Amino acid sequence: MKKLILFILLISPFFVNAQTFRVNIDPSLGESKELDGRLLLLLSKNNKAEPRFQVSDGAESQLVFGMDINGWQPGTSQLIDVQAYGYPLERLKDVPAGDYYVQVLLHKYETFHLKTGQTVKLPMDRGEGQHWNMAPGNIYSAPVKIYFDPAVSNELTLNISKVIPPIEAPKDTKYIKHIKIQSKLLTEFWGRPMYLGANILIPAGFDEHPNVKYPLAIFHGHFPADLEGFSTTPPDPNLKPDTSARFHITGYNRIVQQEAYDFYKQWTGPAFPRVLAIEIQHANPYYDDSYAVNSANLGPYGDAITYELIPEIEKQFRGIGKGWARFMYGGSTGGWEVLAAQVFYPNEYNGCYAACPDPVDFHHYMTINLYGDKNAYFLSSDFKQTPRPEERDYLGHVGSTMKEVNQSELAIGTRSRSGGQFDIWEAVFSPMDKDGYPKRIYDKNTGAIDTSVAAYWREHFDLTHIIQRDWPKIGNSLKGKIHIYVGDMDTYYLNNAVYTAEDMLKKLNNPNCNCEVDYGDRAEHCWNGDHTQPNYISRLRYHQMFIKKWAAEIKTRAPKGADLKSWRY
């Protein structure tokens, strides 16, 4: 009888008019323990994809509404009412009456007993790189079509009956290897086993030259499930051309495959420097990577990567194991990380190539001056409420605002738990609040900036300020090692902070910085210094670009007696 009632609810226009949603978990899933997490209700006006895959920052975004779940007991239900907080519409009651495809998903949290003494509930990464809509173990309902009317007081029942399956670990090949270690430092901080990993590209001739030790090329960026951009096979001749919405190119998938094959031919060719190239996996309970620094909220990831993971890689794969023989490169998140790691560990790395880095000066936190503005969402005015832009194209056309993107994050997760960009900056840069979660840099609802948190950010993570402040101590170790590249129409306004950083770097003396800063004319995110190619090509060439660049200049910074020849066979 219960199944019949549910069937009627889902097919009858009269019964599916709903002001509230009653959510049950199907007993077939075997969820026998109480659950914590974020319950997300998703509605879409189309069925191009499941609603869980249609939430974005752009104009095409569909609807998401969320509520925190603490201790969901087996056999009980949850009610999502019209006050549920959402995006792009703020409340469920604001949704216009009409036809929708609806789906519900529980993003599961687990409990962490931190070294600091606090207890927090967070979504542990499960191999997907912190994507709530793809995280293994999350449970969800099949999409159904409904007629929704917030003015009608009926209740619609949704049944969670599906679970996202585990992700299969990538397999080693001749050239690509994988490593995973348990970090003692991170395990101690988080109160449970925590791991670091890496995808490793082995140089050609590795087995044939057993006595050679190699430099380490470290590529920082978002979570890499496996090493991409390298293929030993030519492009698939039967590949159906796709269309890249970002680059307005048909057949971009074939370009990607061709570039990967071309890199393989370079990597194994006679003139390419022989190095170990690695991509680090450091996804965590807040984001798809840690920003590679020590943080009050994420723990000592900087130390764990530098003093635990990297030495283990060098030990297993015959790295030289010295700071002069390690260098870093990356873009966007990776661009900030390589600059930060070079600044915080000046003698452990010998060069950073930072493309389109996240804000390196918080006077320009995208379009916010954290030290001068009062509100993160709107320009200061007695009478107007002009929204601050968050994203633009290379012509300056705005695609989203600061308030909209932060509203999206708040709908997906409270207490900096959305896995979104602003929440991870907050988690990395902020002090820990008394409840164990990151202290807000600004009120997520109103945008009001907390000046005390901004002051903390400045002293701990404003890279422009820190370089200038600490130059008398670190200058001799940093000179010549800093390279920054950004487009002057960066999608996220990241060029503005680079201008300020460049002005500072030029003034450094005793010693002079001897740094490189370069700009791409009308280039959007994420320009990386190649004036000869468009972004859609150069973004596929990080390894081959920067490995060759570093190998050409290392002789100017290598210590006396350093081995610069054996790995150039």
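This structure is a prediction, so every number in the text was calculated from the model and none was measured.
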- prompt: Is there a donor-acceptor contact under 3.5 Å linking the side chains of Tyr371 and Asp462?
  reply: yes
- prompt: Does any donor atom in the side chain of His107 or Arg38 lie under 3.5 Å from an acceptor atom in the other side chain?
  reply: no
message: Whether the Thr333 and Tyr291 side chains hold a donor-acceptor pair (N or O, under 3.5 Å, no angle test) is what I'd like checked.
response: yes
query: Considering the options Leu43, Thr20, Leu63, which one meets the side-chain contact (heavy atoms from CB on, under 4.5 Å) requirement together with Leu92?
result: Leu43
query: Relative to Tyr536, does Arg246 satisfy both conditions: NZ or CZ under 6.0 angstrom from the six-membered ring centre, and within 45 degrees of the ring's axis?
result: no
message: Which residue is it: Asp68, Asp435, Asp36? I am looking for the one with a salt bridge (charged side-chain N to carboxylate O under 4.0 Å, His left out) to Lys121.
response: Asp36
task: Answer yes or no: is there an ion pair linking Arg192 with Glu110, defined by an N-O contact shorter than 4.0 Å?
output: yes
task: Could you check Phe362, Tyr456, Phe422, Tyr365 and say which one makes a ring pair (Phe, Tyr, Trp, His ring centres under 6.0 Å) with Phe429?
output: Phe362
Electrostatic pair Arg440-Asp433, nearest N-O below 4.0 angstrom: no
Name of the residue among Leu105, Val55, Asn133, Leu41 meeting side-chain contact (heavy atoms from CB on, under 4.5 Å) with Val64: Val55
task: Determine the interplanar angle of the Phe461 and Phe344 rings, folded into 0 to 90°, and report it as parallel if under 30°, tilted if 30 to 60°, perpendicular if over 60°.
output: perpendicular
Check ion pair Arg126-Glu128 (N to O, under 4.0 angstrom): no
Residues which pass side-chain contact (heavy atoms from CB on, under 4.5 Å) with Thr491, listed by chain and number, not counting sequence neighbours: Glu391, Glu524, His525
message: Whether the Gln103 and Ser141 side chains hold a donor-acceptor pair (N or O, under 3.5 Å, no angle test) is what I'd like checked.
response: no
- prompt: Tell me, which pairs form a ring pair (Phe, Tyr, Trp, His ring centres under 6.0 Å) where one or both residues lie in residues 28-86, sequence neighbours left out?
  reply: none
